[in-house]
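Worksheet: one structure, shown below.
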Amino acid sequence: AARALAPGVGAGRWSLLPPSEPDPTRRAAALARVLLDRHGVLTRAVAPAEGVASSFRAVYRVLTEMENAGAVRRGYFLEHLGGSQFALPGAVDELREDAREREQLTAALARAGNGGSTGRRRDPALLLAATDPANPYGAAVAWPPPTNGARSHRPGRKAGAVVVLVAGMPALYMERGGRTLLTFTTGEPLAAACRCLADAARAGRLGRIVIHQVDGAAVLARAGAEPVGVEPEAALRAAGFRLTPRGLRV
């Protein structure tokens with residue numbers, strides 16, 4: 001009778017998880033494998049962002065043993081990240097291939113900025129959560145300075161914030177709620193990033209956003225002067241944002 005009144009209560013597929021591994025070396029080895037799978041190239045710089053700064057010494061010892069066993073490579077793969085870098089087999093080849101694709105994409109963006117076409121069906125922009133491991137900025141790599149030198153707002157790996165990467169470089173950073181926006185580039189990369197942001201807003205991925213400030217300046221304060229060229233407001237409007245009494249929104 002109780003099941004008939006409340007069907008499905010307590011139902012489902014259950015399994016007993018194994019007990020926690022007591023051996024610290026095994027735990028460090030498991031953590032090293034997870035970090036390598038997540039980042040491809042592992043450095044000490046990612047430890048704070050991953051919340052493992054206190055245990056990275058043990059991970060480093062495991063990585064050294066993995067290098068001796070030929071499971072990982074140690075080298076200077078990425079500039080400005082120190083010499084203690086460990087990479088999975090094949091990661092270096094992927095980095096080289098990515099560098100070639102990035103050069104081609106940068107050239108295509110330059111052609112598009114001169115009135116040509118990128119030759120791609122979609123814009124080469126990618127929107128990520130600022131805390132996503134796929135976003136290295138603010139973790140292994142420092143954020144670049146904003147385009148217009150805005151000092152009132154700084155990018156960070158904050159919950160709810162998003163970043164738009166174009167050809168692997170940050171183009172836009174939007175705070176949680178969409179009230180403030182920072183730009184890191186100009187020209188066609190900025191236009192592609194704004195289109196990506198507008199598409200995500202239309203699809204409902206960002207919730208209801210109204211941009212009040214761009215690079216530290218209120219958008220309504222500059223509403224009287226028509227933006228020209230590739231200023232952020234012009235790129236946002238071209239992407240589909242419209243000026244309202246509250247700010248820019250799709």
TODO: For the pair E101 and R96, find out whether any cationic side-chain nitrogen is under 4.0 Å from an anionic carboxylate oxygen.
DONE: no
- [ ] Could you tell me the separation between the CD atom of E233 and the CZ atom of R237, rounded to the nearest 0.5 Å?
- [x] 7.5 Å
Task: Gap separating the CZ atom of F86 from the CG atom of L42, nearest 0.5 angstrom - done: 8.0 Å
TODO: Answer whether the closest heavy-atom distance between the side chains of Y137 and Y173 falls below 4.5 Å.
DONE: no
Open item on the list: Nearest 0.5 Å, please: how far is CZ in R26 from OG in S20?
Closed with: 14.0 Å
Task: Side chains of P146 and T183 in contact at under 4.5 Å (non-hydrogen atoms) - done: no
- [ ] State plainly whether one hydrophobic cluster holds both L35 and L88, where clusters connect Ile, Leu, Val, Met, Phe, Trp and Tyr through side-chain heavy atoms under 4.5 angstrom apart.
- [x] yes
Task: CZ-CG distance between F241 and L197, expressed to the nearest 0.5 angstrom - done: 4.0 Å
TODO: Would you confirm whether T131, through its side chain, and R157, through its main-chain N or O, come within 3.5 Å as a donor-acceptor pair?
DONE: no
Task: Residue pair L182 / E175, side-chain heavy-atom distance below 4.5 Å - done: no
Task: Inter-residue atom distance H212.NE2 - L220.CG, 0.5 Å rounding - done: 8.0 Å
Task: Side-chain donor/acceptor of R74 to backbone N/O of T64, under 3.5 Å - done: no
Open item on the list: Using a strict threshold of under 4.0 Å (side-chain N to carboxylate O), is an ion pair present between R100 and E103?
Closed with: no
Task: T147 side chain to T185 backbone, donor-acceptor under 3.5 Å - done: yes
TODO: May I ask you to say whether E21 pairs ionically with R27, meaning some side-chain N is under 4.0 Å from a carboxylate O?
DONE: no
- [ ] Kindly compute the distance separating CG (D215) from CZ (F184), expressed to the nearest 0.5 Å.
- [x] 8.5 Å
Task: Pairwise side-chain contact, R249 with R208, heavy-atom cut-off 4.5 Å (strictly under) - done: yes
Open item on the list: Quick one, L126 and V166 - any side-chain contact, counting heavy atoms below 4.5 Å?
Closed with: no
Task: Residue among L236, L248, L181 satisfying side chain to side chain contact (heavy atoms under 4.5 Å, CB included) with V219 - done: L248
Task: Min side-chain heavy-atom separation M174-V163 under 4.5 Å - done: no
